[in-house]
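Here the structure comes first, spelled out in structure tokens, and everything after it is commentary.
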Amino acid sequence: MKTEIRPWWPGEHRVEKYMPRVSQAIARHLPSGSREATDIYNRAYEAVYEAIKELKRKLDVAVSALENFASFGSLEAEDALKQISD
């Protein structure tokens, strides 16, 4: 019976959707549940989580800049802001 490798902090929905392929790749090369497999999975989870946080910070800056620009009445900025927030 194969057990799925799980992160040591579960449930970050933004990360979880990327992890099945990582788990499958690890399972092709290492025994499921081994310390090595778990360590690699957890490091990949952390890396995906950090990448998402970094992207969110950059998007927050961009949205803030667009909001400031839009406050001066630019229709293009308002349209761009609407597209980002959807």
Side-chain angles (χ1 to χ4, degrees):
M1 178 169 138
K2 258 188 176 174
T3 57
E4 183 180 345
I5 300 170
R6 300 298 302 164
W8 48 271
W9 80 87
E12 175 56 62
H13 70 280
R14 296 174 301 176
V15 176
E16 291 292 330
K17 66 182 180 180
Y18 298 104
M19 297 312 294
R21 291 177 57 193
V22 171
S23 185
Q24 292 164 1
I26 293 170
R28 286 193 297 269
H29 302 283
L30 294 169
S32 181
S34 69
R35 284 184 173 183
E36 296 86 355
T38 301
D39 187 45
I40 292 168
Y41 182 90
N42 286 341
R43 300 302 77 78
Y45 195 101
E46 290 169 349
V48 170
Y49 182 66
E50 288 302 316
I52 289 170
K53 287 189 342 184
E54 182 179 339
L55 178 60
K56 180 166 180 350
R57 282 191 297 271
K58 289 178 180 181
L59 285 173
D60 287 347
V61 169
V63 167
S64 178
L66 281 172
E67 287 173 340
N68 288 336
F69 191 69
S71 68
F72 293 107
S74 168
L75 293 177
E76 293 85 7
E78 289 178 26
D79 290 342
L81 185 56
K82 287 177 188 173
Q83 290 176 5
I84 289 174
S85 62
D86 287 341

At their closest point, which heavy atom of V22 faces which heavy atom of A44, and how far apart are they? CG1-CB, 3.8 Å
Calculate, to the nearest 0.5 Å, the distance between atoms NZ and CZ belonging to K53 and R14 respectively. 8.5 Å
If only atom types and distance count, is the side chain of T38 paired as donor or acceptor with the main-chain N or O of S34 below 3.5 Å? yes
Correct closest heavy-atom pair for A37 and P31 would be CB-O, 3.7 Å
Going by the salt bridge (charged side-chain N to carboxylate O under 4.0 Å, His left out) test, which pairs reach into residues 25-39, not counting sequence neighbours? D39-R43
Is the shortest distance from a Lys or Arg side-chain nitrogen in R57 or E54 to a carboxylate oxygen in the other one below 4.0 Å? no
Polar contact flag, side-chain donor to acceptor under 3.5 angstrom, Y45-E12: no
Please determine which of K17, M19, H13 meets the side-chain contact (heavy atoms from CB on, under 4.5 Å) test together with V15. M19
